[in-house]
Amino acid sequence: MPQINDNAKTTAAQCRHYAMCKIDYLATGLCPSGPEKHFVTYYPQGRMDLYRGLAEGRIPVTEALLDAADTCTLCGICDPQCHFVTGMQPTAVMRALKDYVEAYRREKGDVVRPAEDEALRKLREIVGPDWASNDPAVLWTYADDPFPLSGPQMPRYVVLPDSREEISAVVRLANELGLPYAIRGNGGSVFGFVFSDGLVLDMNRMRKIEFDLANWCAAVEPGVTSFELQQEACRRGLRINAAEPAATVCGNIVCTGTFSTWSNVYGTAADNFVDMEFVGRDGRVFRLNDKQSPNHFAFAHQVLPSPGICTKAFVKLHPATDDEEGLLVPFAGFDEAVRFARELGQRRIGLALAVLGGHYVATFLSPDEELSGKLKAALPEALGVEAMVFAVADRYGRDAIRKMAPAVIDSSLLRLLMLGLPRLVEPRWLDLVREYEGRARPFELLCRPDMRPVVEAVLRPSPETISEAVPESLRPFYRELYARPEMTDMVWLNMHRIVSARMSRRKHMFAFLVYAPPDRLDVIHEILDGFARVAKTHGIDHDFGFLTPLDFGKRAILEYDYYLDHTDPAEREKIARAMPELDPWLDELAARIPGVLSLKYVFSQGCSRKENFLYRV
Ligand code: SF4
């Protein structure tokens with residue numbers, strides 16, 4: 001057996017399955033083999049899994065494994081793509097995979113060529129010979145994700161349909177053969193939901209988008225990602241309420257109902273679409289708006305299966321104006337920030353809206369984990385910032401926010417801070433800011449227009465300065481990247497959500513989402529304290545994520561995150577002990593307080609009306 005490279009093995013095991021290598025979010029182009037072959041096996045994410053599978057002895061060398069290794073051109077595109085969000089550089093793994101295969105061929109090792117059985121023959125009859133596989137290497141890339149509470153689950157087949165009719169035929173066949181099946185969007189669910197020991201349907205080939213501007217909607221097939229749809233909407237001067245960039249639009253709506261900072265104005269769940277088309281469990285096609293269809297707009301407070309396989313979503317499009325800008329409003333206390341965000345929601349000021357803690361702000365702004373850690377510490381210690389309210393607003397909204405808030409970081413100041421970040425966190429500069437304490441709060445000083453020349457002189461913000469934070473080999477790429485205006489534009493970044501994937505950079509993230517009434521600060525604190533208490537009991541890294549008001553500030557969605565190294569059995573054990581404590585506590589809270597609901601119950605009911613789970617009558 002050829003040697004395994006330990007560094008490559010460690011990197012491969014850390015793949016977060018965020019699928020950011022499957023969308024061209026940095027305009028670098030995509031891994032060349034991915035869009036041609038479509039199986040995740042032929043994207044960097046799949047090759048990371050292949051190397052891990054070989055290293056752990058979970059898969060043999062197969063025909064598809066050789067092909068996946070051979071079709072990697074070592075172009076290096078996956079390095080910046082992966083580094084931007086995770087800090088990793090996967091090309092070393094790709095090289096190790098190719099080296100392994102080369103050595104294996106030299107040693108004349110056996111290559112597994114799985115035979116076509118009857119089920120596979122029938123699947124291929126439906127989708128075509130290239131789009132169904134039982135190759136163990138292919139199956140392995142659909143068998144696992146970083147979810148710490150379940151082990152790998154190998155499917156027997158993976159199939160990539162290309163139309164609603166093919167999906168319907170595959171479902172009927174699966175029923176006939178008694179094969180369980182799971183539907184995969186783009187990455188993995190990172191919650192262990194997209195696995196099956198039968199059949200996995202990957203929607204990667206179904207990527208059509210049709211705009212119907214007269215009806216303010218786009219018909220979207222199930223392989224289309226949020227990033228891709230947002231890009232197309234932007235080209236037409238429009239916007240969608242977007243999920244995580246690499247998440248598929250249909251998958252996201254069905255699973256949790258899309259929510260984002262834009263949910264302040266665009267809502268969530270059924271607010272986001274005009275209609276949805278499904279293939280039901282019996283293989284029949286139905287639309288949600290048909291009178292005869294089952295009522296998936298209703299909500300039941302229990303964990304339910306999805307309505308079926310979504311084959312098309314008619315997603316709402318929203319108009320955008322050309323005077324929108326992002327603002328950050330810093331606050332010395334969390335409660336002040338929540339009150340402010342709620343008031344903006346109540347008064348309908350601004351569009352996207354969220355309360356962010358220091359952890360999110362630091363992670364979003366920093367292209368490097370060490371820099372992020374320094375900024376996170378500096379925000380409260382040196383700048384006096386405990387939380388920030390992020391808002392996108394037009395010029396009228398911005399005027400109102402400026403009148404309401406003592407200090408505002410506008411888009412031009414944010415650009416200076418982002419591009420000068422390595423200097424902003426230098427002790428020399430932070431001491432200087434601290435010296436002003438007493439006269440004004442440090443962050444108020446930073447936001448003063450007359451301080452702008454000083455900030456600029458000290459930080460020397462530029463693409464070169466921010467690039468100092470990343471490894472030498474990637475600096476030329478980052479210099480070019482940060483010279484692009486959208487990389488420091490809060491509106492663009494927030495619409496395309498490319499920096500939010502950085503949340504898992506330090507460790508795999510376990511996100512808990514809870515709906516809550518933001519006027520009840522006591523309840524908000526009970527939720528935050530509860531998550532913190534359980535995390536501390538079990539020694540789990542944890543932090544507040546964000547809070548976004550909904551429905552005129554009457555409700556909010558709150559995220560609290562646990563962080564763990566999913567490759568470390570001790571860390572997996574910690575989360576396994578913590579989970580049984582969280583569920584009953586959240587259920588009790590939800591029973592006691594109207595408006596509190598764990599997103600866990602909305603799962604698979606993302607097509608329901610938000611009123612049906614945010615309110616009780
Ligand atoms: S180095 Fe290989 S895996 Fe990475 S993007 Fe290029 S071809 Fe794809």
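For ligands, and for the atoms within them, numbers begin at 1 and follow the listed sequence. Predicted model only: the values in this text are computed from it and were never measured.
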Examine the side chains of Ser604 and Ser306 and answer whether a donor and an acceptor come within less than 3.5 Å of each other.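 The criterion, which ignores hydrogens and geometry beyond distance, is not satisfied for Ser306 and Ser604.
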
Quiz question: by atom type and distance under 3.5 Å, do the side chains of Ser411 and Asp489 form a donor-acceptor pair?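 No pair is found: no donor N or O on one side chain lies under 3.5 Å from an acceptor on the other.
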
Both conditions, 6.0 Å and 45 degrees, for the charged tip of Lys22 above the ring of Tyr43: are they met here?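 Geometry flag: set, cation within 6.0 Å and 45°.
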
Lys/Arg cation over aromatic Trp131: Arg205, 6.0 Å, 45° cone: yes

Apply side chain to side chain donor-acceptor pair (under 3.5 Å) to Asp568 and list each qualifying residue two or more places apart in sequence or on a separate chain. none

Sort by chain and number the protein N/O/S atoms found under 2.8 Å from atom 2 (Fe) of ligand 1.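 Within the sphere that stays under 2.8 Å of atom 2 (Fe) of ligand 1, the protein atoms of type N, O or S are Cys72 SG.
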
Parallel, tilted or perpendicular: ring planes of Phe512 versus Phe510, cut at 30 and 60 degrees: tilted

